[in-house]
Novice: 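So that we are looking at the same thing, I have put the structure below in C-alpha cells.
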Amino acid sequence: MAIIETRSLTKTFGKIQAVCGIDLDIEKGEIFGLLGPNGAGKTTTIGMLCTIVRPTSGSGTIAGFDIAKQPTQVRRKVGIVFQDPTLDTILTGRENLQLHARLYGLPPVLRKQWIDEMLELVDLTKRADDLTRTYSGGMKRRLELARGLLHRPAVLFLDEPTLGLDPQTRARTWEYIRKMARKEETTVVLTTHYMEEAQQMCDRIGIIDTGRIIALDTPENMIDSMGGDIVALRAPSPPLDIIRLLPYVSGVKTTDGLFEITMKSAHLHLAEILSLIPDVASVEMRKPTLNDVFIKLTGRDIRQDAVENGEGWVETVARYRQRGK
Ligand SMILES: Nc1ncnc2c1ncn2[C@@H]1O[C@H](COP(=O)(O)OP(=O)(O)OP(=O)(O)O)[C@@H](O)[C@H]1O
Ligand SMILES: [Mg+2]
C-alpha cells in the first residue's frame with residue numbers, strides 16, 4: 001500500500017473548483033513534487049492531505065489513516081512547512097523547536113537529543129540560542145525544515161520551501177531536504193514554481209493545472225516524452241514545411257519569431273538544419289525542461305502565468321507574505 005493515496009480528491013470553494021478529482025499513489029521514501037502555476041490547487045491539495053482543509057468529496061489516506069475520518073492519527077504522521085513563514089520570532093531557534101516538541105508530546109527524555117540532532121542537521125547549532133528575528137531568510141527556512149521534521153513524521157509536506165530565497169540559499173535548502181529525506185526514509189511532498197529544481201530534486205512529479213493532474217511521471221520520462229533536444233533559432237523565414245518532414249524532427253513550434261525545432265540527437269543534425277535556413281540570426285541547442293512539458297500540455301508557460309497576472313516575482317512573494325497575516 002502506498003503511504004499516500006488519494007481517490008477523486010476534490011475541493012471547491014463556492015464556485016471555485018480548486019482541486020478536481022485527484023488520484024495519487026505516493027510510495028514510502030519518495031520525493032514527490034507538485035508543479036503548477038499560481039492558483040493550480042497545490043496548496044489546497046497539501047492542505048487536504050494534512051487535514052487543514054476539509055475535502056468536498058473523494059478520499060485520501062496517509063499511512064493507512066483516513067484524512068477525513070482520522071485527522072488526529074494523520075497529524076501525528078505528518079510534518080508541514082507552510083508556504084508562509086510561521087516561526088515565532090520572539091523565541092530563539094532552540095525555543096521554537098522546544099515549543100514544537102511539547103506540542104507534539106515528544107517524550108521529555110528524547111527532546112534535547114532530537115533537537116540537538118536537528119539543529120546540527122540544518123547547520124544552526126551555533127545560532128540556536130539567538131532570537132529567530134535575527135536570522136536570515138535562509139536560516140529561518142532551515143529552522144522551519146528542522147521543526148517540520150522534529151517529531152520524525154512519516155511524511156513531510158513542504159509548500160514552496162524555497163520561495164523568495166536567493167539561488168545559493170535555495171540550492172543549500174534543497175541539499176538539506178534531500179539529506180533529511182534520505183536519513184529517515186521520510187516521504188516528501190513538495191510544491192514549487194522552480195521547474196529546474198523540481199527536475200533535479202524529485203523522484204516523480206505531478207504537473208497540476210486548474211485543479212487537475214495533467215501529467216505524472218519521473219522528470220526523466222517527462223522530458224523524454226518531448227521527443228529529443230530543442231534547437232531554438234531566429235531567422236526571417238525558415239522553410240518549416242520542409243523541416244517538419246525531416247525524419248528526425250518530431251515537432252516545430254513558433255513563438256514571437258522564435259522557432260523551436262524538437263529533434264533526436266540535435267548535435268548530429270544541426271549542420272543540415274542550418275544549411276536549409278537562410279539568414280539565421282541566432283541559434284541555441286538545449287535539452288527540454290519541465291516547462292517545455294507544461295507548455296506542450298497546456299499551451300501556456302508556467303512562468304508566464306505570474307507575469308500575466310501583472311506580477312513579477314517580487315510582487316508574488318509579497319502577496320504570499322501578505323496572505324499569511
Ligand atoms: N480559502 C479559500 N477560499 C476561497 N478560495 C480559495 C481558498 N484557498 C484557495 N482558494 C482558491 O483555490 C484555487 C487554488 O488555490 P491554491 O492556493 O491551492 O493554489 P496554488 O497552486 O497553491 O497557487 P500558488 O502557486 O499561487 O501558491 C485558487 O483559485 C484560489 O483562489
Ligand atoms: Mg500555493
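Fair warning: this is a prediction, and the values are worked out from it, not measured in the lab.
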Novice: Looking at D25 and E30, what are the two nearest heavy atoms and their distance?
Specialist: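 Looking at all heavy atoms of both residues, the closest pair is O-OE1, 4.3 Å.
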
Novice: Could you give the distance from CD1 (I243) to CD1 (I261), rounded to the nearest 0.5 Å?
Specialist: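 So the CD1 of I243 and the CD1 of I261 are separated by 4.5 Å.
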
Novice: Check the surroundings of atom CD1 in I90: do more than 12 heavy atoms from other residues, nucleotides or ligands lie under 6.0 Å from it?
Specialist: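 No, CD1 of I90 has 12 or fewer neighbouring heavy atoms, counting only those of other groups under 6.0 Å.
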
Novice: Within the structure provided, determine whether L121 and M118 are in side-chain contact (heavy-atom separation under 4.5 Å).
Specialist: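 Side chain of L121 against side chain of M118, heavy atoms only: contact under 4.5 Å found.
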
Novice: Has R234 got a side-chain atom pairing as donor or acceptor with A281's backbone, closer than 3.5 angstrom?
Specialist: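 No, the answer is negative, given that no donor and acceptor are paired below the 3.5 Å cut-off.
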
Novice: Please confirm whether the backbone N or O of G29 pairs with a side-chain atom of T187, one donor and one acceptor, at under 3.5 Å?
Specialist: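 Yes: the side chain of T187 pairs with the backbone of G29.
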
Novice: Is it true that, when you exclude R54 itself, more than 12 heavy atoms of the residues, nucleotides or ligands shown sit nearer than 6.0 Å to its CZ?
Specialist: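 It does not: R54 CZ has 12 such atoms or fewer within range.
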
Novice: Just grab all the side-chain hydrogen bond (donor to acceptor under 3.5 Å, both in side chains) pairs involving residues 65-75, residues at least two apart or on different chains.
Specialist: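 The answer is T51-R75.
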
Novice: Do I67 and T6 touch side chain to side chain, with heavy atoms closer than 4.5 Å?
Specialist: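 No, side chains not in contact.
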
Novice: Evaluate the criterion side chain to side chain contact (heavy atoms under 4.5 Å, CB included) for residue pair V19 and T10; output intermediate values, then yes/no.
Specialist: CA-CA 5 Å; V19 175; T10 298; 5.7 Å; no

Novice: So, do V252 and M263 sit near enough that their side-chain heavy atoms are less than 4.5 Å apart?
Specialist: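 They are not in contact (no side-chain heavy atoms under 4.5 Å apart), so the answer is no.
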
Novice: Any idea which heavy atoms bring P239 and P278 closest together, and the distance?
Specialist: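 For P239 versus P278, the nearest heavy atoms are CD-CD, 4.5 Å.
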
Novice: Tell me if a side-chain donor or acceptor on S250 pairs with a main-chain N or O of G227 at a distance below 3.5 Å.
Specialist: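 Indeed, once roles are kept as given, a pair shorter than 3.5 Å links the two residues.
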
Novice: Calculate, to the nearest 0.5 Å, the distance between atoms CD and CG belonging to E260 and D229 respectively.
Specialist: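 Answer for the CD-CG pair, E260 versus D229, is 12.5 Å.
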
Novice: Within the structure provided, determine whether F65 and K77 are in side-chain contact (heavy-atom separation under 4.5 Å).
Specialist: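 They are in contact (side-chain heavy atoms under 4.5 Å apart), so the answer is yes.
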
Novice: Applying the 4.5 Å side-chain criterion to the ILVMFWY set and letting contacts propagate, would I214 and I46 be lumped into a single cluster?
Specialist: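 No, separate clusters.
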
Novice: Would V78 end up clustered with V189 when hydrophobic side chains under 4.5 Å apart are linked, directly or stepwise?
Specialist: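 The answer is yes; both residues are in one hydrophobic cluster.
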
Novice: Is a side-chain donor or acceptor of T191 paired with a backbone partner of D159 at a separation under 3.5 angstrom?
Specialist: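 Between the backbone of D159 and the side chain of T191 there is no qualifying donor-acceptor contact (under 3.5 Å).
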
Novice: More than 12 foreign heavy atoms under 6.0 Å from CZ of R76: is that the case here?
Specialist: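 12 or below, so no.
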
Novice: Under the ring pair (Phe, Tyr, Trp, His ring centres under 6.0 Å) rule, what pairs show up with a residue in residues 244-274, not counting sequence neighbours?
Specialist: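 Listed by first then second residue: Y248-H269.
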
Novice: Output, in order, the C-alpha distance, side-chain angles, deciding distance and verdict of side chain to side chain contact (heavy atoms under 4.5 Å, CB included) for K296 and M222.
Specialist: CA-CA 11 Å; K296 188 178 170 191; M222 280 194 189; over 6 Å; no

Novice: Group every Ile, Leu, Val, Met, Phe, Trp and Tyr by side-chain heavy-atom contacts under 4.5 Å, then state whether V155 and W114 land in the same group.
Specialist: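 No, because V155 and W114 fall into different hydrophobic clusters, even though each may have its own neighbours under 4.5 Å.
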
Novice: Which value, rounded to the nearest 0.5 Å, describes the distance between E175 atom CD and D123 atom CG?
Specialist: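 That separation rounds to 9.5 Å.
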
Novice: When you measure from the side chain of T56 to the backbone N and O of T12, does any donor-acceptor pair fall under 3.5 Å?
Specialist: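 At least one qualifying donor-acceptor pair exists.
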
Novice: For L276, does the CG atom sit with more than 12 other heavy atoms under 6.0 Å from it, leaving out its own atoms?
Specialist: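 Yes, because the 6.0 Å sphere around CG of L276 holds more than 12 heavy atoms from other groups.
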
Novice: Can you list the residues that meet the ring pair (Phe, Tyr, Trp, His ring centres under 6.0 Å) rule with Y104, with sequence neighbours excluded?
Specialist: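 Testing Y104 for ring pair (Phe, Tyr, Trp, His ring centres under 6.0 Å), a comparison that skips the adjacent residues, returns H100, H151.
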
Novice: Do other residues, nucleotides or ligands put more than 12 heavy atoms under 6.0 Å from the CD atom of Q168?
Specialist: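 No.
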
Novice: Would I115 and L150 satisfy side chain to side chain contact (heavy atoms under 4.5 Å, CB included), going step by step from the backbone distance to the final call?
Specialist: CA-CA 7 Å; I115 288 173; L150 184 62; 3.9 Å; yes

Novice: Between V81 and L190, is there a side-chain heavy-atom distance shorter than 4.5 Å?
Specialist: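 Side-chain contact under 4.5 Å: no.
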
Novice: Sub-3.5 Å donor-acceptor pair from the side chain of Y135 to the main-chain atoms of R127, do we have one?
Specialist: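 At least one qualifying donor-acceptor pair exists.
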
Novice: Between R286 and D292 (salt bridge meaning N to carboxylate O under 4.0 Å), is one present in this structure?
Specialist: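 Answer for the salt bridge query: yes.
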
Novice: My understanding is that only one of I207, L24, N221 makes a side-chain contact (heavy atoms from CB on, under 4.5 Å) with L216; could you say which?
Specialist: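 With L216 as partner, side-chain contact (heavy atoms from CB on, under 4.5 Å) holds for just one option, L24.
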
Novice: Does the side chain of L34 come within less than 4.5 Å of I213's, by heavy atoms?
Specialist: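 I213 vs L34: side chains touch.
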
Novice: Mark yes or no for whether K42, through its side chain, and P37, through its backbone, hold a donor-acceptor pair below 3.5 Å.
Specialist: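 A pair under 3.5 Å: yes.
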
Novice: Do any N or O atoms from the side chain of D88 and from the backbone of N96 form a donor-acceptor pair under 3.5 angstrom?
Specialist: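 No: the side chain of D88 does not pair with the backbone of N96.
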
Novice: Does any part of the side chain of R102, heavy atoms only, come nearer than 4.5 Å to the side chain of Q98, both counted from C-beta?
Specialist: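 Touching, per the 4.5 Å side-chain cut-off.
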
Novice: If you compare all heavy atoms of V74 against all heavy atoms of L49, which two are closest, and at what distance to 0.1 Å?
Specialist: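 Here V74 and L49 meet closest at CG1-O, 3.7 Å.
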
Novice: Quick one: pull up CD1 in I205 and CG in L290 and give me the separation to the nearest 0.5 Å.
Specialist: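 These two atoms lie 4.5 Å from each other.
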
Novice: Are the side chains of Q199 and I223 in touch, meaning some heavy atoms are under 4.5 Å apart?
Specialist: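 Yes, side chains in contact.
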
Novice: Atom CG in L91, atom CZ in R94: separation rounded to 0.5 Å?
Specialist: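 It is 13.0 Å, given to the nearest 0.5 Å.
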
Novice: So which heavy atom on G206 is nearest to which on F32, and how close?
Specialist: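 In terms of heavy atoms, the two residues are closest at N-CZ, 3.7 Å.
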
Novice: Can you name the closest pair of heavy atoms from P238 and I277 and give their distance?
Specialist: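 Where P238 meets I277 most closely, the heavy atoms are CB-CG2, 3.8 Å.
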
Novice: Are D203 and R182 close enough for a salt bridge, meaning some N to O gap below 4.0 Å?
Specialist: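 Judged by the 4.0 Å cut-off on N to carboxylate O distance, D203 and R182 do form a salt bridge.
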
Novice: Is it the case that the side chain of E120 and the backbone of T125 share a donor-acceptor pair, with hydrogens and angles ignored and the cut-off at 3.5 Å?
Specialist: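 It does not hold such a pair.
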
Novice: When clusters are formed by joining ILVMFWY residues with side-chain heavy atoms under 4.5 Å apart, either directly or through shared neighbours, do L149 and I26 land in the same one?
Specialist: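 Hydrophobic grouping puts L149 apart from I26.
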
Novice: Given the rule in the side-chain hydrogen bond (donor to acceptor under 3.5 Å, both in side chains) test, do Q200 and E196 qualify, once you have shown the distances and angles that lead to the verdict?
Specialist: CA-CA 6 Å; Q200 285 167 14; E196 297 76 12; over 6 Å; no

Novice: By the definition side-chain contact (heavy atoms from CB on, under 4.5 Å), identify the one residue from V188, I31, I80 that meets it with L158.
Specialist: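 The side-chain contact (heavy atoms from CB on, under 4.5 Å) with L158 is passed solely by V188 among V188, I31, I80.
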
Novice: Salt-bridge test for K112 and D116: reply yes if a basic N is under 4.0 Å from a carboxylate O, no otherwise.
Specialist: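 Counted as a salt bridge, because a side-chain N and a carboxylate O are separated by less than 4.0 Å.
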
Novice: Would a single hydrophobic cluster contain both L258 and I295, if residues Ile, Leu, Val, Met, Phe, Trp and Tyr are joined by side-chain heavy-atom contacts under 4.5 Å?
Specialist: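 No, separate clusters.
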
Novice: Distance from T132 atom OG1 to E95 atom CD, nearest 0.5 Å?
Specialist: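 Those atoms lie 9.0 Å apart.
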
Novice: Salt bridge check, K287 against D224: does any charged N sit closer than 4.0 Å to a carboxylate O?
Specialist: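 Salt bridge: no.
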
Novice: Backbone N or O of P161 within a donor-acceptor pair of the R141 side chain at under 3.5 Å?
Specialist: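 Yes, R141 side chain to P161 backbone: donor-acceptor pair under 3.5 Å.
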
Novice: Quick one, K140 with E144, criterion side chain to side chain contact (heavy atoms under 4.5 Å, CB included). Give me CA distance, side-chain angles, the key distance, then yes/no.
Specialist: CA-CA 6 Å; K140 283 184 191 150; E144 291 197 316; 5.5 Å; no

Novice: Determine the minimum heavy-atom distance between A40 and D209, stating which atoms define it.
Specialist: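 Closest pair (atom of A40, atom of D209, distance): CB-CA, 4.2 Å.
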
